[in-house]
Amino acid sequence: MTRYSLNGIGFGLIGFGIFFTFLAIILFFDRGLLALGNILWLTGVTLLLGLQSTWKLFTNRANYKGSICFLLGLFFLFVRWPIVGIILEIYGFIALFSGFWPSVKVFLYQIPVVGWIIQYPLMVISINNLFNFYVQDSAFFTLVFHCLKS
């Protein structure tokens with residue numbers, strides 16, 4: 001298989017993992033669907049990034065907090081504490097992938113409906129605070145803060 005086909009399969013598995021996790025949350029934290037969603041998501045990330053890059057992502061010293069929370073969340077899912085598990089996994093996911101936020105933000109701005117929604121000033125501020133991404137000396141943020149003060 002070529003690297004291009006593995007990337008496509010990885011994106012598909014990540015999409016199915018997110019779908020099954022969302023479906024499990026809607027169905028009152030169904031443990032089986034949560035586990036399936038997590039396995040599909042982790043497999044998709046591994047196929048997308050490669051085994052060595054995925055290992056480096058989870059074992060990087062700067063990502064220990066996110067890795068431990070994510071894996072602890074997986075453990076809690078398997079021992080039948082799904083709500084605690086999901087909360088830990090979400091925190092771990094945000095801690096692990098907050099470094100990718102600038103690239104993701106540029107991509108999301110280009111999607112028609114999503115881009116329009118997340119460009120509202122309050123959405124920009126709340127999303128940036130969520131991912132600890134602060135832009136200094138930006139004309140846009142200067143304008144937003146000036147508008148909020150007046």
Side-chain angles (χ1 to χ4, degrees), residues 1-136 138 140-141 144:
M1 290 189 137
T2 64
R3 185 74 198 147
Y4 180 74
S5 62
L6 286 179
N7 284 347
I9 294 170
F11 274 120
L13 288 174
I14 289 171
F16 278 119
I18 291 170
F19 171 73
F20 280 118
T21 302
F22 181 70
L23 186 63
I25 290 172
I26 288 175
L27 295 174
F28 301 110
F29 296 96
D30 181 50
R31 193 173 67 97
L33 287 175
L34 283 171
L36 182 63
N38 282 314
I39 290 170
L40 289 174
W41 185 83
L42 279 174
T43 306
V45 167
T46 303
L47 286 177
L48 187 65
L49 297 177
L51 190 59
Q52 188 175 13
S53 296
T54 304
W55 181 257
K56 285 181 182 178
L57 175 72
F58 278 93
T59 58
N60 187 1
R61 189 171 200 82
N63 295 337
Y64 277 162
K65 185 169 53 171
S67 299
I68 289 171
C69 285
F70 187 80
L71 295 174
L72 197 61
L74 262 176
F75 172 75
F76 278 120
L77 284 179
F78 291 131
V79 296
R80 299 179 185 222
W81 286 22
I83 296 173
V84 174
I86 283 293
I87 291 170
L88 283 172
E89 279 188 359
I90 289 172
Y91 177 75
F93 177 81
I94 290 172
L96 272 174
F97 293 101
S98 62
F100 296 108
W101 175 242
S103 301
V104 172
K105 189 169 87 168
V106 169
F107 173 73
L108 288 177
Y109 280 156
Q110 296 174 359
I111 299 174
V113 175
V114 176
W116 300 328
I117 292 172
I118 65 172
Q119 286 181 5
Y120 286 116
L122 291 178
M123 288 295 292
V124 168
I125 292 169
S126 62
I127 289 172
N128 286 338
N129 285 337
L130 177 67
F131 286 98
N132 295 327
F133 176 69
Y134 300 102
V135 177
Q136 308 255 338
S138 171
F140 176 74
F141 283 104
V144 168

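Residues: numbered from 1 along the sequence shown. For clarity, every value in this text was computed on a predicted model and none was experimentally measured.
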Leu49 CG to Leu6 CG distance, which is reported to the nearest 0.5 Å | 12.0 Å
Non-hydrogen atoms of Ser67 and Leu57 that approach each other most closely = OG-O, 4.3 Å
CD1 of Ile111 to CH2 of Trp116, rounded to nearest 0.5 Å, is 11.5 Å
Less than 4.5 Å apart, any side-chain heavy atom of Phe16 and any of Leu36?
-> no
To the nearest 0.5 Å, how far apart are CD1 in Ile18 and CZ in Phe20?
-> 12.5 Å
Exceeds 12 heavy-atom contacts within 6.0 angstrom, atom CZ of Phe78 | yes
What do you reckon, is CZ of Phe29 surrounded by more than 12 foreign heavy atoms closer than 6.0 Å?
-> yes
Rounding to 0.5 Å, atoms CZ (Phe22) and CD1 (Ile26) come to a distance of 3.5 Å
For Gly66 and Ala95 the tightest heavy-atom approach is CA-CB, 3.6 Å
When rounded to the nearest 0.5 angstrom, what distance separates CG in Asn60 from CH2 in Trp55?
-> 12.5 Å
Gap between atom OG of Ser53 and atom CG of Leu48 - 0.5 Å precision = 10.0 Å
Could you check Ile86 against Thr21 for side chain to side chain contact (heavy atoms under 4.5 Å, CB included), going step by step and ending with a plain yes or no?
-> CA-CA 9 Å; Ile86 283 293; Thr21 302; 4.2 Å; yes
Audit row: Leu77, Trp81, side chain to side chain contact (heavy atoms under 4.5 Å, CB included) steps and yes/no = CA-CA 5 Å; Leu77 284 179; Trp81 286 22; over 6 Å; no
Minimum heavy-atom separation for Gly92 to Cys69, with atom names?
-> CA-CB, 3.9 Å
Which donor-acceptor pairs under 3.5 Å do the side chains of residues 37-45 make with protein atoms, sequence neighbours left out?
residue : atom : partner : partner atom : Å
Asn38   : ND2  : Leu34   : O            : 3.0
Asn38   : ND2  : Glu89   : OE1          : 3.3
Asn38   : ND2  : Glu89   : OE2          : 3.0
Thr43   : OG1  : Ile39   : O            : 2.7

Are the side chains of Val106 and Tyr109 in touch, meaning some heavy atoms are under 4.5 Å apart?
-> no
